[in-house]
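For clarity, every value in this text was computed on a predicted model and none was experimentally measured. A note on names: the letters A, B, ... follow the listed sequences, proteins ahead of strands, and every chain is numbered from 1.
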Amino acid sequence: MALRFYNTLTQRLEEFRPLDGETVRMYTCGPTVYHYVHIGNFRTFSFQDVLRRVLRMRGWKLHHVMNITDVDDKIIRNAVAEGKSLKEYTERFTQAFLEDAAKLRLERPEKLVFATEHIPDMVAAIQRLAEKRHTYESEGSTYFRIASFPEYGKLSHTNFSGNVAGARVDVDEYEKADARDFVLWKARKPGEPYWDTPLGAGRPGWHIECSVMAMQYLGETIDLHAGGEDLIFPHHECEIAQSESLTGKPFANTWIHTRFLQVDGEKMSKSKGNFYTVRDLVDGDRVDPLALRYALITVPYGKPLNFTRQTLRDAAQNVDRFRECARLADAAKARGAKGASAGFAESLRQLADEMLEAMCDDLNTSVALAKALGGTSVIFKAGDSMTAEDAPAALAFLDEVQALLGIVRPEHGAVQAPSAPQVDEERIEALIAERAAAKKARDFARADAIRAQLDAEGIELRDTPEGTHWRFKTTP
RNA sequence: GGCGUCGUACCCAAGUGGUUAAGGGAAGGGUCUGCAAAACCCUCAUUCGGCGGUUCGAAUCCGCCCGGCGCCUCCA
C-alpha cells in the first residue's frame, strides 16, 4: 500500500518515502504568537498531526520541527502598545497555543524552535548569502535579490518574466531594487526592539527563520515541508530561494499545503476579525474538543472546509458514537460472556485496514472517518450480545482509530468533555442513587424530577444495563 | 490580469471510465424503554451546476457556458 501525497512543487500525487528510508524529516510552519491561534490555523495543525500519525503508522521514525514565530510586525506593535518586552508578550500566547493544541490532542513535534533564539544563525546565513552575491543593502536593511535566483516561482508556479501584471505591490517599499525582492534583515526603527549585529541594528525578516532553523535541525534537504496554502507564496517560495541559493541543493522534496478553512462560507482571517479560537469554542461554548478536532479533519486538507455550527453538531454526534462503543466494549469485558461472535473481529480488522489505506491515499480523512464509523456500526450491532472474547477486538479497533485519527478519547480518558466546569460529583452521584431508589419504589415523578433538575444544570443522565451514567451536555 | 481550486440529496461529504452513486448529520416511520437518551430496522439522489462532444459505456475524459471560493498583500 503506497503512501501518496499531493506535492505542491510538482503538482502531482506522488509516492512518499523519506530520503534515508528510515526517518521522516519534516518542517512545518507554526503560529506567529501575537494572538490566540484561531481554528483556521488549527485546521492546518490538525492535518499535520494526522500526517504525523500516518507516517509513524507506516513504520517511519519522525523528526518533526515546528517553528514559533516570536518576532514580527504585529508582535512588536502589540508588545510596544502594552509596554511589554517581546518575550513577555509572546510567552503568554505560546503557552496558550500549546494548551489549545493539547485540547485538540495534537502531538508535540519532536522539536519546537523559536525565531528569537536563532538570531545569530540567521545573521550568519544572511552573511553567507551576501558572500554569494544574493543580497544587497539599502537604507540599513538587507534584501534578497530575486534576479539572482532564476527558479523563483517554481513552487507557486508563477512566471515572473515581464511585469507582474495586476499584482499589488507595496508602495512603501520603494527602497527595493525589484518589487519581488524581500527583506532578510530589517533596519531598526525608533522605539522598536532590535538586535545589534554585524548586519547593523535591526531584526530578521520573516522568511529567513524557517530556512535557517529547518536546515540547522533537519539538514540541507528535508523530506517534507508543510503549511497553509497562503504560505506557498511568498513565504515558501522565499524559503526555497534562500536555502537553495545557500546550498545548491533542493530544500524540500515534498511540499504539502492545507486549504483554508472558511466560516459560514466566508474567509476567516485575523484581519477580518471573524475568527473563532479553540478557547472561544471549548471553554466558552463548552464544545467537546474532540468534536472540534473531528470537525477540523472531516474534509481532506486539499479542499476548503466550510466550518459552520452544523459541522460541529454533526461531528459531536459522531464522536459520541466512539465513546459509546468504548463503553459497550468495557461492559462486555466485565460481563465475561463466553464465545466469539461470527465475523465480528474480522469485520473490524478489515475496516481498520481500509481506514489506514484511505489515510495513505493523500490523507483521505473523509473515507477514513467513514470506515471508522463503519466500525461503530459493527460494534453497536453486536451491542449487549458482545462477548468477553469479542471485546478485545472492539477495543483494539477503537485504539487504532484513536492512534490514527485521535477522535476517540479526550486527553484524560474521561468520558465527559475535559473543559467541563467544576461540579460536585458526590452530589450528582447521590442524586443518581436517590433516583435509582425512587425508580425502584416506582416513584417516577421523583425520578423524573431529578433528571430534570440535573438537565437544567447541563448534566445528562443515561440509563444503561450497567447503571446510570452522567455526562455534561455539550453545546453544538 | 496571472495562478489555482471546487460545484454530487435538506446539510456535510466520498467516488475521477463500467456491478444497486460510500459514509455521516437532519427528517419521517417502526422496535426497545416507566420516562429520557442511546442503539437497531425501514424510508430519504433513475441522478452527479448547464449545454454539447468523445466512448459500447461518463458524475468521472474533452470543449464551451454559468456559479462559488482561494492565492497573487500581513495571514494556517
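Between Leu312(A) atom CG and G25(B) atom P the separation is 15 Å, expressed in whole Å. The separation between Arg313(A) atom CZ and A13(B) atom C1' is 17 Å, rounded to whole Å. Atom pair Arg180(A):CZ and G2(B):P shows a separation of 19 Å (rounding to whole Å applied).
The partner of U16(B), taking Watson-Crick or G-U wobble pairs whose two distances both stay under 3.5 Å, does not exist in any strand shown. Under the Watson-Crick or G-U wobble criterion, with both distances below 3.5 Å, G4(B) is paired with C69(B). Under the Watson-Crick and G-U wobble criteria, each requiring two contacts below 3.5 Å, nucleotide U31(B) is paired to A39(B). Nucleotide A58(B) is matched to nothing when pairs are restricted to Watson-Crick or G-U wobble geometry with both distances under 3.5 angstrom.
At a cut-off of 3.5 angstrom, the base of G24(B) holds no donor-acceptor pair with the side chain of Asn318(A). Between the base of A14(B) and the side chain of Ser366(A) there is no donor-acceptor pair shorter than 3.5 Å. With hydrogens and angles ignored, a donor-acceptor pair closer than 3.5 Å exists between the side chain of Arg451(A) and the base of A36(B). Side chain Asp448(A) to base G34(B): a donor-acceptor pair is found below 3.5 Å.
Of the options Tyr36(A), Phe42(A), Tyr34(A), a ring-ring contact (aromatic ring centres under 6.0 Å, His included) to Phe97(A) is made by Phe42(A) and by none of the others.
Rounding to the nearest 0.5 angstrom, the gap separating the OG1 atom in Thr94(A) from the CG atom in Leu98(A) is 7.0 Å.
In terms of phosphate contacts, Asn306(A) brings no side-chain nitrogen or oxygen within less than 4.0 Å of OP1 or OP2 of C11(B). Note on Gln310(A): every side-chain N or O is 4.0 Å or more away from OP1 and OP2 of A26(B). Here Arg321(A) reaches the OP1 or OP2 of A39(B): one of its side-chain N or O atoms lies under 4.0 Å away. OP1 or OP2 of A14(B) sits under 4.0 Å from a side-chain N or O of Lys303(A).
Where Gly374(A) and Thr311(A) each meet RNA chain B at their nearest nucleotide, the meeting point lying more 5' is that of Thr311(A). Judged by closest nucleotide on RNA chain B, Leu369(A) is the one of Leu369(A) and Glu460(A) placed further toward the 5' end.
Side-chain contact of His64(A) with Thr28(A): a donor-acceptor pair under 3.5 Å is present, judged by distance alone.
The stacking criteria are not both satisfied for Phe380(A) over the base of A39(B), which would need a centre-to-centre distance under 5.5 angstrom and an angle between ring planes under 30 degrees.
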Trace of the side-chain hydrogen bond (donor to acceptor under 3.5 Å, both in side chains) decision for Asp280(A) with Thr277(A) = CA-CA 5 Å; Asp280(A) 289 338; Thr277(A) 64; 3.1 Å; yes

